[in-house]
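Handing you a structure now.
Heads up: numbering here begins at 1 and tracks the sequence.
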Amino acid sequence: MCKTHVLSVPGAKAPFEKITIERRKLRQDDVLIDIKFCGICHSDIHNAYGEWGGGMYPMVPGHEMAGVVTAVGSEVTKFAVGDHVGVGCFVDSCGQCEYCLSGEEQFCAKGVVNSYNSLDYDGNPTYGGYSQKIVVKEDFVVRIPDALDLDVASPLLCAGITTYSPLKKWNAGPGKKVAVVGMGGLGHLAVQYAHAMGAEVTVLSQSLNKKDEALSLGADHYFATSDPATFTELVSRFDLILNTVSANLDVDTYLSMLRVDGALVNVGAPNQPDKYNVFSLIMKRRSIAGSLVGGIRETQEMLDFSAQHGIAPKIEVISADQVDEAFERVLRSDVRYRFVIDMSTL
């Protein structure tokens, strides 16, 4: 067994505590990773605060892990000691169902094992990346390209793949007009990916406060959704609208901005159900969809694409003592655009 220091919450909305846990003994196909940095995702807050139900405490959040391999099992072939690697939202799947076999382990029919707040197939709780070490099966580890620093790479393991995957699925590219709703932790990455894929990119944000930054990241246009004229001007404009915000939208109004066969794809998760008029879909064969993250194969593709095109999140590196404050700041939208914990401070 491997002991490691972690940040843990003993109950819903409780402050973080520094404790020690034991990781499992290295199996033949396992990799031991020293976690150098871990990003803070909004879903960490939902889980730690018990807002999505089913919270298992004590809980160690974190699914944006970037670090260095320090030991490998006897049958590991993909990684060696010293490699820069990452671990994202899940750490195991059945490996046998149609989804796992097609490289989409996130949809595993048996049920994917999440990086934290989950039970592994032996019935043991999983603990995430707010930790100095983790043991992970090699098939669920990805390689971080040399062109990406570890602190910058960590948010890509969730925020990056969450936005890359639907843009690829819905064919963002040359000749396509893509709108990104929200210019936050997800949105500022979606802009970069859509631009690099060759699409014409428009940002739809509440105010004009982030216009200059959005344009510098590759957006072609920027509109404030607080201005009613925006929705009149943009009627039937887009092939794809990627909604990255966690607030409820006026769905019919956003659907009106889609062309025939356009899609409104949601990656943000509001607390309350959305409502819409079915005629907003029928009259122009529009669709509403959702997207989770990508599988391991696509996550590696996303990292390589990011390195090739110079795509990186804007981050603020914090110490382990600042995580409670960081959670509060995320809820106030007081971050541009992603907090990353320096695990050496734990």
Side-chain angles (χ1 to χ4, degrees), residues 1-27 30-52 54-71 84-92 112-137 140-142 144 150-151 153-155 157-159 315-330 338-346:
M1 305 291 281
C2 170
K3 291 186 177 182
T4 184
H5 300 299
V6 301
L7 283 176
S8 166
V9 285
K13 296 190 176 181
F16 276 95
E17 299 176 347
K18 295 181 180 181
I19 65 171
T20 300
I21 65 168
E22 287 188 337
R23 299 293 190 181
R24 70 170 180 256
K25 184 179 179 181
L26 206 65
R27 299 170 182 167
D30 277 343
V31 175
L32 174 62
I33 302 167
D34 275 0
I35 301 172
K36 301 301 183 182
F37 298 95
C38 187
I40 292 178
C41 177
H42 203 141
S43 61
D44 294 344
I45 301 175
H46 288 302
N47 279 310
Y49 284 10
E51 294 174 346
W52 284 350
M56 290 183 280
Y57 302 96
M59 182 189 299
V60 180
H63 55 210
E64 296 180 345
M65 299 167 249
V68 179
V69 175
T70 56
H84 285 195
V85 296
V87 179
C89 299
F90 47 89
V91 291
D92 205 359
V112 71
V113 177
N114 293 317
S115 298
Y116 72 92
N117 197 39
S118 186
L119 293 177
D120 66 22
Y121 293 146
D122 294 325
N124 301 309
T126 58
Y127 299 112
Y130 293 12
S131 169
Q132 291 189 325
K133 298 179 185 294
I134 192 168
V135 176
V136 183
K137 187 186 295 187
F140 293 86
V141 178
V142 290
I144 295 177
L150 290 178
D151 55 352
S154 63
L157 277 305
C158 177
I315 64 171
E316 181 177 336
V317 178
I318 62 171
S319 71
D321 293 329
Q322 295 175 289
V323 174
D324 286 310
E325 178 189 354
F327 272 28
E328 295 173 0
R329 287 181 57 191
V330 170
R338 212 66 179 187
F339 285 118
V340 173
I341 308 167
D342 179 351
M343 300 315 305
S344 69
T345 63
L346 181 57

NZ/K18: more than 12 non-hydrogen atoms of other groups inside 6.0 Å: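 More than 12 heavy atoms, drawn from other residues, nucleotides or ligands, come within 6.0 Å of this atom.
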
Matching residue for F140 among V112, D92, V113, V31 - test: side-chain contact (heavy atoms from CB on, under 4.5 Å): D92

Minimum-distance pair of heavy atoms, taken over all atoms of V87 and L157: O-CG, 3.7 Å

Salt-bridge criterion met for R338 and D151 (N-O under 4.0 Å):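 So R338 does not pair with D151 through a salt bridge.
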
For S131 against M343, the heavy-atom pair lying closest together: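 Shortest heavy-atom contact: N-CE, 3.2 Å.
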
Interatomic spacing from CD1 in I19 to OH in Y127 - rounded to 0.5 Å: 7.5 Å

T70, V136, V69 screened by side-chain contact (heavy atoms from CB on, under 4.5 Å) with L32, the one that passes: T70

Gap between atom CD of E328 and atom CD1 of I45 - 0.5 Å precision: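 The CD1 atom of I45 sits 9.5 Å away from the CD atom of E328.
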
Check: M65 and I33 side chains under 4.5 Å, non-hydrogen atoms: no

Closest heavy-atom pair and its distance - V68, K36: CG2-CE, 4.0 Å

Main-chain N/O of E17 paired with S8 side-chain donor or acceptor, under 3.5 Å: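 Flag not set: sc S8 to bb E17 has no pair under 3.5 Å.
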
Main-chain N/O of D122 paired to D120 side chain as donor or acceptor, under 3.5 Å: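 Judged by distance alone, yes, a pair lies under 3.5 Å.
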
Enclosure of H5 NE2 (heavy-atom neighbours >12, cutoff 6.0 Å): no

CA sep, side-chain torsions, deciding dist, call: N114, H63, side chain to side chain contact (heavy atoms under 4.5 Å, CB included): CA-CA 8 Å; N114 293 317; H63 55 210; over 6 Å; no

Test salt bridge (charged side-chain N to carboxylate O under 4.0 Å, His left out) applied to K137 and D30, step by step: CA-CA 4 Å; K137 187 186 295 187; D30 277 343; over 6 Å; no

Donor-acceptor pair, side chain of T345 and main chain of S319, under 3.5 angstrom: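 Side chain of T345 to backbone of S319: no pair is present.
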
Donor on one side chain, acceptor on other, S344 and D342, under 3.5 Å: yes

Pair Y130-F16, ring pair (Phe, Tyr, Trp, His ring centres under 6.0 Å): steps then yes or no: CA-CA 10 Å; Y130 293 12; F16 276 95; 5.8 Å; yes

Check: M56 main-chain N/O paired with N117 side-chain donor or acceptor under 3.5 Å: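 Here the side-chain-to-backbone pair exists.
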
S115 side-chain N/O to G88 backbone N/O, donor-acceptor pair under 3.5 Å: yes

Over all atoms of both residues, closest heavy-atom pair of H46 and W52: CD2-CZ2, 3.2 Å

Value rounded to 0.5 Å, distance of CZ in R329 from CD1 in I40: 10.0 Å

